[in-house]
Colleague: 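Okay, handing you the structure first.
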Amino acid sequence: MPTFREITTRLVPLLMLVGALLLAAGLPARALTPLSVGQDETAINLLPGIEFHRSEDRNFQVSTVPGPDGIVRRIEVEATAPNGPVNWAVFALANPSDEQFDRLIVAPNFRLAGSGVLNPDLGSQRILSITPSEGFALDRQTASEGDVFRLTLDPGAVVTFVAELSSPKLPEIRLWEPDAYKDTVNSYTLYRGIVLGIAGLLAVFLTILFVVKGSAMFPATAALAWAVLAYICIDFDFWQKLMPAAIAQERIARAGVEVALAFTLVLFLYAYLNLNRWHGVLSIFTGLWLAGLAVLAGLAVFDPILASGIARVSLAVIAGVGLVLILYLAFLGYDRAVMLIPTWALVLFWLFGTWLTVTGRLDNDVIQPAIGGGLVLIVLLIGFTVMQHAFAGGGIVDGRISDLERQALALAGTGDAIFDWDVTRDRIYAGVDGEALAGMPIAAMNGPAREWLPILHPDDRDRFKLALDTILEHRRGRIQQDFRLRDEEGHYHWVSLRARPVLGSDGEVVRCVGTMNDVTERKKSEERLLHDALHDQLTGLPNRELFIDRLDAIVALLSSRQDMRPSVFVVNVDRFRQVNEDFGLATGDTILLTLGRRLKRVLKPQDSLARLSGDQFGLILVSETTADGIAAFAEQLRAAIRAPIAIGGREIVLTASLGVATLSPAVPAPEAIKEAELAMFQAKKLGGDRIEPFRPALKTAVSGRLQLESDLRRALERGELFLVYQPIVRLADAQIAGFEALMRWESPKRGLVSPADFVPLAESCDLIVPLGQFALEEAARRLSDWRRLPGAESLTVSVNISSRQLIRQDLLSDVRAVLSRYQLAPGALKLEITESVVMDNPERSAQLLVRLRELGVGLSLDDFGTGYSSLAYLMRFPFDTLKIDQSFLRANNTHPQRPIIVQSIATMAHELGLAVVAEGVETEEDVARLRELKCEYAQSYLFSQPLTAEAVRKRLGDRRNGRRAS
């Protein structure tokens with residue numbers, strides 16, 4: 001009877017046939033061939049013995065490999081993944097020995113070999129769990145580099161394993177003997193530590209080099225070194241040990257460092273080869289490339305696989321483009337390109353090896369660490385290359401040199417030509433280095449000293465001979481001389497000679513040595529500076545300094561030339577500021593050029609013309625000595641200025657004010673100009689377009705004006721200024737609606753000074769600003785006091801604002817402070833501004849008036865109708881009151897239409913929502929007519945003279961008692 005073993009042996013082939021039939025019938029497949037595991041084997045590749053399956057169900061059934069008893073069993077495994085299709089791997093292991101032993105199943109998360117180029121495998125968790133057909137479940141070991149499971153194989157056991165995969169890819173899975181795996185990991189740990197240390201030192205060293213040296217290649221090289229260090233840290237799993245991260249984050253980091261490698265390699269190539277020096281297109285192309293890689297770095301966060309694939313292709317493109325550039329520039333003789341050839345050859349070799357690896361053509365355990373080490377080697381070679389530039393200091397880097405060599409080096413550094421005169425042989429040697437004396441007749445300069453005379457400027461020959469003779473005679477000193485040499489084309493160049501004698505043993509001069517340099521540009525610059533210092537840059541005419549110098553020279557001649565009677569003219573263009581405002585500064589400059597040429601054509605050669613200031617010219621008339629001749633000449637000047645000037649299709653007609661003063665030996669030049677200016681100011685004061693001679697009375701008038709200005713300044717300090725208030729009457733009920741504050745000056749020495757005398761003076765000497773501040777403060781204080789009286793709650797006070805106040809930034813803050821200090825209601829304080837003041841600068845005035853109105857201040861347009869009189873401008877400004885000038889209130893023989901104008905103004909003002917105040921009402925008939933025109937207010941002596949503050953308070957009290965304002 002057969003034994004059990006014999007029966008089992010006969011049944012095994014039959015069972016295998018049944019399994020094949022079941023597989024053909026569509027049942028789940030099984031690993032038919034178990035891998036035999038010997039005790040002496042340290043590592044076994046399990047991939048050849050694995051069958052892969054994909055299941056839509058969560059339960060997976062498989063038939064096991066027959067065990068020692070020959071029985072085929074079926075096992076069912078439930079997936080641990082939450083949903084979706086499940087990938088399975090089935091393999092079997094057999095222990096033919098009689099001993100039990102342990103093994104490790106290891107599946108690395110990332111494997112560079114075979115990872116791919118365009119759609120690379122950046123790593124992931126490979127195995128979720130492994131279920132054996134018998135025995136205990138496998139223990140997952142803690143490991144950052146991959147999935148590690150420990151299993152125990154019993155003697156003679158044949159075990160089928162079902163592994164649930166977390167990804168469809170399983171690039172590597174091995175069965176390791178535990179101690180052998182540990183030794184292998186430790187051996188690579190040592191290697192990786194050495195490579196990491198070298199990469200870290202390189203990055204730090206190149207960063208220090210970047211700090212020491214400011215060239216662009218050093219920060220680019222340091223950036224490349226840090227990118228390589230980051231790649232090594234991630235590839236060697238060092239970063240995972242420092243900062244454990246999820247697999248997805250590791251994929252992002254791996255893609256990011258590959259993009260960083262491409263980015264920094266482009267940056268290094270651009271900076272090291274100094275590509276911006278060769279062509280601007282290369283800079284634009286490089287900038288676009290770097291921008292694309294920067295965008296790719298952002299893409300790595302969302303799609304690391306796509307970003308890594310593009311980065312790997314970009315590295316290949318960079319290598320190819322870099323090779324073309326390096327070879328091209330090396331062919332042109334660019335030394336940096338030549339020095340980079342060995343490094344770039346290593347880069348190409350590294351990329352070729354990497355391509356073989358990622359495509360799977362090169363696959364072993366050493367290749368991935370070797371790729372990382374190759375990167376460090378490339379950075380090391382690049383570091384040596386850039387260090388040659390960092391520590392290159394020229395031809396002489398180290399070593400002692402003699403004093404003679406040091407002097408020769410210093411001379412070579414200056415770039416000057418050599419001057420060596422051998423006195424004994426009378427031979428001059430002029431050695432030219434570079435462009436120190438480019439274009440000079442060097443042949444004529446090398447020879448006897450006398451041969452220099454023909455090529456020297458005639459005015460410089462005597463000075464040159466004297467300098468050489470002086471050196472020979474005194475046997476000391478030094479030559480420091482600038483002279484002119486004629487070049488080969490006949491043009492003269494300024495040459496600077498600096499030389500000193502060399503004495504022989506007998507104390508005589510044997511040589512004279514030094515340097516020469518072309519200083520033509522410096523001389524021309526000095527001449528230009530001298531010319532610009534004494535001439536007007538716009539017209540090219542002499543300026544005030546040169547004009548005074550010429551006047552001094554003529555005054556010095558007057559004592560010896562009795563026949564000379566020179567005159568000084570000062571010409572000022574009338575309303576030239578308006579030309580600049582209307583047509584622009586460029587047009588104004590063109591007009592000044594035209595006037596300068598016209599005035600110059602009127603003069604004779606012995607006369608002088610200068611531009612004294614912006615629109616002011618000065619003339620020295622020597623050609624005419626009689627009174628009639630001077631007068632005729634002055635009329636010629638007026639006619640020349642009044643001739644129309646055609647600009648831009650328009651004709652501009654200008655006039656001028658002319659002042660004339662006579663020169664005498666007793667009058668200094670500055671004083672003569674001042675006298676002519678006083679006469680010119682008098683002509684301008686009388687309306688312009690006229691000629692005024694200087695009279696001593698003009699000085700007296702100026703002196704009186706200065707004294708009045710001095711008294712006005714003291715009056716402000718001493719409190720001699722005060723305000724009076726002219727009532728503004730409401731025509732409907734003849735009651736006082738408000739007051740206009742008027743400035744008065746009671747001088748102890750002059751008495752009551754008219755505002756017509758001191759207000760224009762204050763405007764011309766910047767005193768109008770403190771006067772305006774005083775008026776604003778005093779009027780607001782009085783108004784705050786009066787409005788507390790019964791029946792005076794709606795009272796207003798108007799304060800006049802000058803043009804200088806309107807253009808100051810402080811006006812807003814002054815008004816705001818006054819309103820806050822005296823708690824005035826909106827509209828109680830009014831500011832009166834004339835048309836001419838507003839229209840000096842309409843844009844700025846409109847902005848400022850709007851802000852004043854926002855503060856709660858009333859705005860009144862004074863003297864309407866005497867200036868621009870344009871209601872179109874009124875619509876731009878936020879006025880609430882319109883004051884009609886008194887000249888429009890009544891008709892006369894010359895202007896019978898004036899009352900009609902008043903009616904039109906009042907009607908249009910009401911349509912614009914403005915209140916109307918009429919000034920200068922003289923009769924009751926005027927009052928009646930204004931009431932018919934619905935004019936709200938009037939202001940004149942008919943109602944009241946200007947009142948002091950005390951009189952106003954009394955008048956308000958009388959109004960409270962029922963008396964009419966009269």
Side-chain angles (χ1 to χ4, degrees), residues 277 394 406-423 426-474 476-502 509 511-543 545-547 549-550 593 596 600 610-611:
R277 192 180 70 179
R406 186 176 290 107
Q407 293 172 7
L409 286 173
L411 180 61
T414 62
D416 295 344
I418 299 171
F419 176 84
D420 181 13
W421 180 29
D422 187 347
V423 177
D426 190 21
R427 288 290 185 272
I428 293 178
Y429 170 76
V432 180
D433 182 12
E435 299 181 357
L437 294 178
M440 293 298 176
I442 302 301
M445 296 168 64
N446 286 274
R450 62 180 177 274
E451 294 185 2
W452 277 60
L453 298 181
I455 61 175
L456 282 168
H457 193 278
D459 296 340
D460 299 332
R461 292 169 185 170
D462 291 337
R463 290 193 299 111
F464 181 74
K465 291 190 294 183
L466 179 61
L468 296 185
D469 292 341
T470 302
I471 287 291
L472 294 179
E473 181 179 353
H474 294 283
R476 65 179 183 273
R478 115 179 7 212
I479 300 175
Q480 294 185 356
Q481 192 175 97
D482 297 340
F483 51 82
R484 285 160 286 184
L485 279 176
R486 190 178 65 247
D487 63 12
E488 296 173 348
E489 297 179 355
H491 303 295
Y492 283 98
H493 291 249
W494 280 98
V495 176
S496 176
L497 173 62
R498 301 291 183 266
R500 63 186 303 171
V502 178
V509 177
R511 306 186 83 86
C512 184
V513 294
T515 61
M516 292 184 299
N517 197 14
D518 189 339
V519 293
T520 304
E521 291 301 322
R522 176 169 63 83
K523 284 290 184 179
K524 289 181 178 179
S525 299
E526 291 175 356
E527 291 173 0
R528 284 195 297 267
L529 289 174
L530 181 61
H531 181 274
D532 293 344
L534 298 175
H535 291 77
D536 175 56
Q537 294 186 7
L538 175 64
T539 61
L541 297 173
N543 59 15
E545 287 74 15
L546 185 55
F547 187 72
D549 183 72
R550 291 181 178 178
L593 279 170
K600 200 168 186 179
R611 185 186 178 196

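Keep in mind the model is a prediction, meaning the values are calculated, not measured. Excluded from the calculations below are hydrogen atoms, water molecules and symmetry mates; all remaining heavy atoms, backbone and side chain alike, are included.
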Colleague: Using the side-chain contact (heavy atoms from CB on, under 4.5 Å) criterion, which residues pair with Pro454? Sequence neighbours excluded.
Modeller: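 Pro454 satisfies side-chain contact (heavy atoms from CB on, under 4.5 Å) with no residue once adjacent residues are dropped.
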
Colleague: Pair Leu541, Leu546 - check side chain to side chain contact (heavy atoms under 4.5 Å, CB included), show working.
Modeller: CA-CA 10 Å; Leu541 297 173; Leu546 185 55; over 6 Å; no

Colleague: Supply the atom-to-atom distance Leu485 CG to Leu497 CG, rounded to the nearest 0.5 angstrom.
Modeller: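 Atom-to-atom, Leu485:CG and Leu497:CG are 9.5 Å apart.
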
Colleague: For Ser496, check side chain to side chain donor-acceptor pair (under 3.5 Å) against everything at least two apart and list the hits.
Modeller: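 Once residues adjacent in sequence are excluded, the partners of Ser496 under the side chain to side chain donor-acceptor pair (under 3.5 Å) criterion are Asp482, Arg498.
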
Colleague: Tell me if a side-chain donor or acceptor on Thr520 pairs with a main-chain N or O of Trp494 at a distance below 3.5 Å.
Modeller: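 Checked: pair present.
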
Colleague: Can a donor-acceptor pair be found, under 3.5 Å and without considering hydrogens, that links the side chain of Arg461 to the backbone of Leu453?
Modeller: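 Yes; judged by distance alone, with no hydrogens or angles, the pair exists.
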
Colleague: Return the set of residues passing side chain to side chain donor-acceptor pair (under 3.5 Å) with Arg522 (not counting sequence neighbours), or none when no residue passes.
Modeller: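 Applying side chain to side chain donor-acceptor pair (under 3.5 Å) to Arg522 gives Glu526.
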
Colleague: By ring-ring contact (aromatic ring centres under 6.0 Å, His included), which residues pair with Phe419, not counting sequence neighbours?
Modeller: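 For Phe419, the residues satisfying ring-ring contact (aromatic ring centres under 6.0 Å, His included) (neighbours in sequence not counted) are Trp452.
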
Colleague: Apply side-chain contact (heavy atoms from CB on, under 4.5 Å) to Asp460 and list each qualifying residue two or more places apart in sequence or on a separate chain.
Modeller: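 Only His457, Arg463, Phe483, Arg484 meet the side-chain contact (heavy atoms from CB on, under 4.5 Å) criterion with Asp460.
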
Colleague: Would you call Ile418 and Thr515 a side-chain contact if the rule is heavy atoms closer than 4.5 Å?
Modeller: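 A side-chain contact is absent here, since even the closest heavy-atom pair is not under 4.5 Å.
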
Colleague: Do the non-hydrogen side-chain atoms of Asp426 and Trp421 ever get within less than 4.5 Å of each other?
Modeller: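 Asp426 reaches Trp421 side chain to side chain.
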
Colleague: Would you say Lys600 has more than 12 foreign heavy atoms packed within less than 6.0 Å of its NZ?
Modeller: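 12 or below, so no.
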
Colleague: Which residues pass the side chain to side chain donor-acceptor pair (under 3.5 Å) test with Arg550, sequence neighbours left out?
Modeller: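 Listed in chain order: nothing, the list is empty.
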
Colleague: Please list, chain by chain and in numerical order, all residues satisfying side chain to side chain donor-acceptor pair (under 3.5 Å) with Asp420, sequence neighbours excluded.
Modeller: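 Here the qualifying residues are Arg511.
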
Colleague: Among all residues two or more places apart in sequence or in another chain, which pass the side-chain contact (heavy atoms from CB on, under 4.5 Å) test with Thr470?
Modeller: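 Counting only residues at least two positions away or on another chain, Thr470 forms a side-chain contact (heavy atoms from CB on, under 4.5 Å) with Leu466, His474.
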
Colleague: Return the set of residues passing salt bridge (Lys or Arg N to Asp or Glu O under 4.0 Å) with Lys524 (not counting sequence neighbours), or none when no residue passes.
Modeller: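 Salt bridge (Lys or Arg N to Asp or Glu O under 4.0 Å) list for Lys524, sorted by chain: empty.
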
Colleague: With sequence neighbours left out, what residues match His491 under ring-ring contact (aromatic ring centres under 6.0 Å, His included)?
Modeller: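 Testing His491 for ring-ring contact (aromatic ring centres under 6.0 Å, His included), a comparison that skips the adjacent residues, returns none.
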
